[in-house]
Novice: 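This is the structure, below, for whatever I ask next.
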Amino acid sequence: TCALPISSGNGLLRVCAFALLVMLGWNGWLQRERRVAGEQAQKERCFWMVGQPTSTLAERTEAFLFLLRAGNREWRGAHLQELPLPDLAATNAPLAEVDLRGSDLRRADLRGASLTGALLGRVDFTEARLAGADCTGANFLQARLLDADLSRANLRGATLEQVVAQHARLVTADLADSRSEEHTSEL
């Protein structure tokens, strides 16, 4: 029989330990890559869902919420009208140019959100928090802003026609160049 000297055994043990560490590291990298690819595929599937007018309301709502959590920043072409989103928590959310016409955003927390150029007509923002939100050029036609907090919101160039906003807080909100019809708005 062939006997290895003790010093050779230590060297073999080190080589085996190193090989094990390399394999564990490689396995971890492969798992991470698979997870990232799965998340990307899920994002693509969800964006496809919100882009299809034939997707059900429940499918579009679930897909929107997933994309929002994933930090999606592109909403053009998404069919997000009439989504039921009461109590939505979306502080500082990137929602520029989103089309949420007719959606239910009662009690939503949109503090600091970017809603520039958003289509928000007929949205129910009752008791919603939009303090510090950037709503530059957003269209709020016929929106309900009852008891909503729009303090420090940027509403420059926003359309506020036929808005119902009893008890809305507009302290230090920037309303420069916003459009409203004084005889129909209740600001």
Novice: Show, in sequence, the C-alpha distance, side-chain angles and deciding distance for Leu57 and Leu83, and conclude whether the side chain to side chain contact (heavy atoms under 4.5 Å, CB included) test is met.
Specialist: CA-CA 7 Å; Leu57 186 61; Leu83 295 184; 3.7 Å; yes
Novice: I'd like to know if Leu175 and Leu110 are part of one continuous hydrophobic network [Ile/Leu/Val/Met/Phe/Trp/Tyr, side-chain heavy atoms within less than 4.5 Å].
Specialist: yes
Novice: With hydrophobic residues grouped by side-chain heavy-atom distances under 4.5 Å, do Leu68 and Phe47 end up in a single group?
Specialist: yes
Novice: I need the minimum non-hydrogen distance between Ala168 and Leu150, along with the two atoms involved.
Specialist: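 Looking at all heavy atoms of both residues, the shortest contact is CB-CD1, 4.5 Å.
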Novice: Please answer: with hydrophobic residues joined when any side-chain heavy atoms are less than 4.5 Å apart, are Met49 and Leu85 in the same cluster?
Specialist: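 No.
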Novice: Identify whether the distance between the nearest side-chain nitrogen and carboxylate oxygen of Arg156 and Asp174 falls below 4.0 Å.
Specialist: yes
Novice: In Å and rounded to the nearest 0.5 Å, what is the OG1 to CD distance from Thr116 to Glu97?
Specialist: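 That separation rounds to 6.5 Å.
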Novice: What distance separates Asp124 CG from Asp104 CG, expressed to the nearest 0.5 Å?
Specialist: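 Here the interatomic distance stands at 5.5 Å.
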Novice: Which heavy atom in Cys135 sits nearest to a heavy atom in Leu155, and how many Å separate them?
Specialist: CB-CD2, 3.6 Å
Novice: Indicate the atoms forming the closest heavy-atom contact of Arg122 with Glu82, along with that distance.
Specialist: NH2-OE2, 4.2 Å
Novice: Determine whether Asn154 and Thr136 satisfy the following criterion, side chain to side chain donor-acceptor pair (under 3.5 Å), listing intermediate values before the conclusion.
Specialist: CA-CA 6 Å; Asn154 182 352; Thr136 305; 3.2 Å; yes
Novice: Using the rule that Ile, Leu, Val, Met, Phe, Trp and Tyr join whenever any side-chain heavy atoms are under 4.5 Å apart, tell me whether Leu119 and Leu88 fall into a single cluster.
Specialist: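 No, separate clusters.
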Novice: If you take all heavy atoms of Leu115 and Ala138, which pair is closest and at what distance?
Specialist: O-CB, 3.6 Å
Novice: Nearest 0.5 Å please: distance from the CG atom of Asp99 over to the NE2 atom of His79.
Specialist: 9.0 Å
Novice: So, do Arg106 and Arg144 sit near enough that their side-chain heavy atoms are less than 4.5 Å apart?
Specialist: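 No, every pair of side-chain atoms sits at 4.5 Å or beyond.
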Novice: Are Leu80 and Ser103 packed together at the side-chain level, in the sense that at least one heavy-atom pair is separated by less than 4.5 angstrom?
Specialist: no
Novice: Roughly how far, to the nearest 0.5 Å, is the CD atom of Gln166 from the OG1 atom of Thr126?
Specialist: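 Reported to 0.5 Å precision, the distance equals 9.5 Å.
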Novice: Between Thr172 and Arg152, do the side chains contain an N or O donor and an N or O acceptor separated by less than 3.5 Å?
Specialist: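 No.
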Novice: Between CD of Glu59 and SG of Cys46, what distance do you get to the nearest 0.5 Å?
Specialist: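 Interatomic distance, Glu59 CD to Cys46 SG, rounded to 0.5 Å: 10.5 Å.
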Novice: What's the separation between atom CD in Glu127 and atom CG in Asp149, rounded to the nearest 0.5 Å?
Specialist: 11.5 Å
Novice: Does CD in Glu62 sit with more than 12 non-hydrogen atoms of other residues, nucleotides or ligands closer than 6.0 Å?
Specialist: no
Novice: Can you see which heavy atom on Pro86 is nearest to which on Arg107, and at what distance?
Specialist: CB-NH2, 3.9 Å
Novice: Of all the heavy-atom pairs spanning Ala90 and Ala113, show the shortest one and how long it is.
Specialist: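 That closest heavy-atom pairing would be O-CB, 4.0 Å.
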Novice: Go through the side-chain N and O atoms of Thr91 and Asp109 and say whether any donor and acceptor fall under 3.5 Å apart.
Specialist: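 Their side chains do not contain a donor-acceptor pair, so the 3.5 Å distance test is not met.
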Novice: Any chain of hydrophobic side-chain contacts (each under 4.5 Å) joining Leu141 to Phe125?
Specialist: no
Novice: Could you please spell out the steps behind the side chain to side chain contact (heavy atoms under 4.5 Å, CB included) verdict for Leu95 and Trp75?
Specialist: CA-CA 7 Å; Leu95 295 168; Trp75 300 103; 3.8 Å; yes
